[in-house]
Amino acid sequence: MNRALYYMADGRLRPIWRFVVSILLFFAASFVAFGVARLVMGRDRELMAVVSRPLLMILVLLAFTWMLRVFDRVPRQQAAAMGLPGGRLALWDSLFGVLLGSAMVALTIATIAWKGDLQVSGDVHGIKTGTLLVEVLLVLSTAAMVEELVFRGYPFQRLVESTGPGGAIALMSALFGAVHLRNPNSSTLGLLNTMLIGIVFSVAYLRARTLWLPWGIHWAWNAVLGAGIGLPVSGLDLSIGIRGKASGPVWLTGGGYGPEASVACTVAVMAGLVVVLLAFHRRPALPGVEDGTGSQGTKPA
C-alpha cells in the first residue's frame, strides 16, 4: 500500500479521505435519524420531520466533533473549529444573516409583484396555527443547520484543504443543487439558482469563518418565503396560516417550484453575494481556535 496516498507526513489521514469519511458518517447519521423518527412517529411525514431534523443535527454535530478530535487532532473548541463559535460573534453573524436573507426574499417578492401579480391570504386558527408555527420553525432551523454543517461545515472545510476554495465551492454548490432535484416541480433554472445560493453560502462561510452567517441567510430565506409569505420553497409547501399565490410567466414566478426557480430569485441572490463580499473581509482563524491544520488563529480584524 502506498501510505503517502492516504496519509500526510504528520500521520493524519489526507483531507480528501477525511472528507469521504465525513460524508459516510452523514449518511449513517441520516439512516439512524430517519429510522428513529419513523419508529416513533410512524409514517406521518410532518411529524417525522419534527423528530428527524433535530436528531440528525445532533448526530452530525457529534460525528464531526469526533472527527475533529480524532482525525484532525483538534483537542478543544471543536465546535468553534467547525465554524460554530459562541458569544457575540455567533449572535452578530446570525443576525446579519437573518437580515440579509429577509432582504433577499423581499427583493425577490418585490420583483415578482412589480412584473407579475402576488396575492397573500390568511387563514389563522389560534392555538393550532401557533403549534404548527413552532413545529415548522424548529424543522426549518435544524434542517438549515444540518445543510450548513454538511455543505459548508466539516466536509467543505476538508475539501478546501484538499482542492482549494474554488474547487470546494464548485463541488459542494453543485451537490447542493443536485440534492434539490428530487423536490417537486424542480427545473433547470431552479437547479442553477440553488447552486448559486450554495455559492453565496460558501462565500459567506469563507469570509466570516463561521457557519452562523450562512445559517442565518439560509434560515431566513426558508422561513420568510415559506412560513411568512406562504410561497413554495424548493417545491415544498411550508405555509402555516398565510398562503401566497404568484401569477405570471414561470420565468418570473418559478411556477410550482416557487420563486427559487425564477429570474427574480437570480437577481436577489446576486445582490446578496455582492453584500457578503462588501460587508465581510476574510477573517483570520478565530483567536485560540485550532483550525485542524495544527495552527491557531489570531484576533479577527
Side-chain angles (χ1 to χ4, degrees), residues 45-46 49 53 97-124 129 132-133 135-148 151 173-201 204 214-273:
R45 294 179 64 88
E46 293 181 357
R53 294 305 190 275
V98 168
L99 292 175
L100 178 56
S102 300
M104 289 165 62
V105 172
L107 179 57
T108 302
I109 296 305
T111 303
I112 293 175
W114 176 41
K115 290 294 186 178
D117 181 63
L118 177 66
Q119 298 179 349
V120 179
S121 59
D123 185 21
V124 180
T129 300
L132 185 58
L133 175 63
E135 292 177 355
V136 169
L137 292 181
L138 174 65
V139 170
L140 289 179
S141 60
T142 53
M145 181 54 75
V146 167
E147 292 191 357
E148 293 312 308
F151 289 100
S173 297
L175 290 175
F176 187 63
V179 298
H180 288 80
L181 283 174
R182 300 174 300 172
N183 291 18
N185 303 303
S186 60
S187 67
T188 300
L189 185 54
L191 169 64
L192 294 175
N193 276 343
T194 305
M195 291 172 61
L196 182 59
I197 292 173
I199 292 173
V200 173
F201 293 157
W215 174 81
I217 303 172
H218 196 156
W219 178 84
W221 178 274
N222 291 345
V224 175
L225 185 63
I229 300 175
L231 289 173
V233 178
S234 301
L236 303 177
D237 181 7
L238 303 178
S239 61
I240 303 173
I242 299 175
R243 289 189 177 274
K245 181 179 180 181
S247 302
V250 174
W251 63 264
L252 176 67
T253 66
Y257 192 76
E260 287 167 318
S262 72
V263 173
C265 173
T266 309
V267 172
V269 173
M270 290 298 296
L273 178 59

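Within the 4.5 Å cutoff, the side chain of L137 has heavy atoms near those of the W219 side chain. Annotation: side chain of Y257 is not in contact with side chain of P184 (no heavy-atom distance under 4.5 Å). Contact of the V263 side chain with the L189 side chain is registered, since non-hydrogen atoms from C-beta on lie closer than 4.5 Å. Residues I217 and M104 have side chains in contact (heavy-atom distance under 4.5 Å, counting atoms from C-beta outward). Contact annotation: the side chain of D237 approaches that of R243 to within less than 4.5 Å [non-hydrogen atoms, C-beta and beyond].
Using a distance-only test at 3.5 Å, with no hydrogens or angles considered, no donor-acceptor pair links the side chain of N222 to the main chain of L140. Remark: side-chain polar atoms of S173 are paired, donor with acceptor, to backbone N or O of I199 under 3.5 angstrom. At distances below 3.5 Å, at least one donor-acceptor pair connects side-chain atoms of N193 with backbone N or O atoms of E260. Using modelled atom types, no side-chain atom of W221 and backbone atom of G226 make a donor-acceptor pair closer than 3.5 Å. A donor-acceptor contact shorter than 3.5 Å is absent between the side chain of S186 and the backbone of R182.
Considering all non-hydrogen atoms of both residues, A271 and L107 come closest at CB-CD2, 4.0 Å. Across all their heavy atoms, G228 and I242 have their closest contact at O-CD1, 3.6 Å. Between A204 and P214 the shortest heavy-atom distance is CB-CD, 4.1 Å. Residues P259 and P232 approach most closely at CD-O, 3.6 Å, considering heavy atoms. Taking every heavy atom of both residues into account, G254 and S262 meet most closely at N-CB, 3.7 Å. Closest approach of L196 and V269 over heavy atoms only: CG-CG1, 3.5 Å.
For the atom pair L175 CG and M195 CE, the distance stands at 9.0 Å (nearest 0.5 Å). Atoms CG and CG, on N183 and L191 in that order, are 11.5 Å from each other to the nearest 0.5 Å. Rounding to the nearest 0.5 Å gives a distance of 11.5 Å between CD1 of I197 and CG of L192. Here the CG-CG distance, from L238 to L225, works out to 8.5 Å after rounding to the nearest 0.5 Å. In this structure, E135 CD and R53 CZ are separated by 13.5 Å, a value rounded to the nearest 0.5 Å. Atoms NZ and CG, from K115 and L252 in turn, are 9.0 Å apart once rounded to the nearest 0.5 Å.
Note on ring orientation: taking the six-membered ring where Trp is involved, the planes of F201 and H218 are parallel (angle under 30°, cut-offs 30° and 60°).
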Test side chain to side chain contact (heavy atoms under 4.5 Å, CB included) applied to L231 and L118, step by step: CA-CA 10 Å; L231 289 173; L118 177 66; 4.1 Å; yes
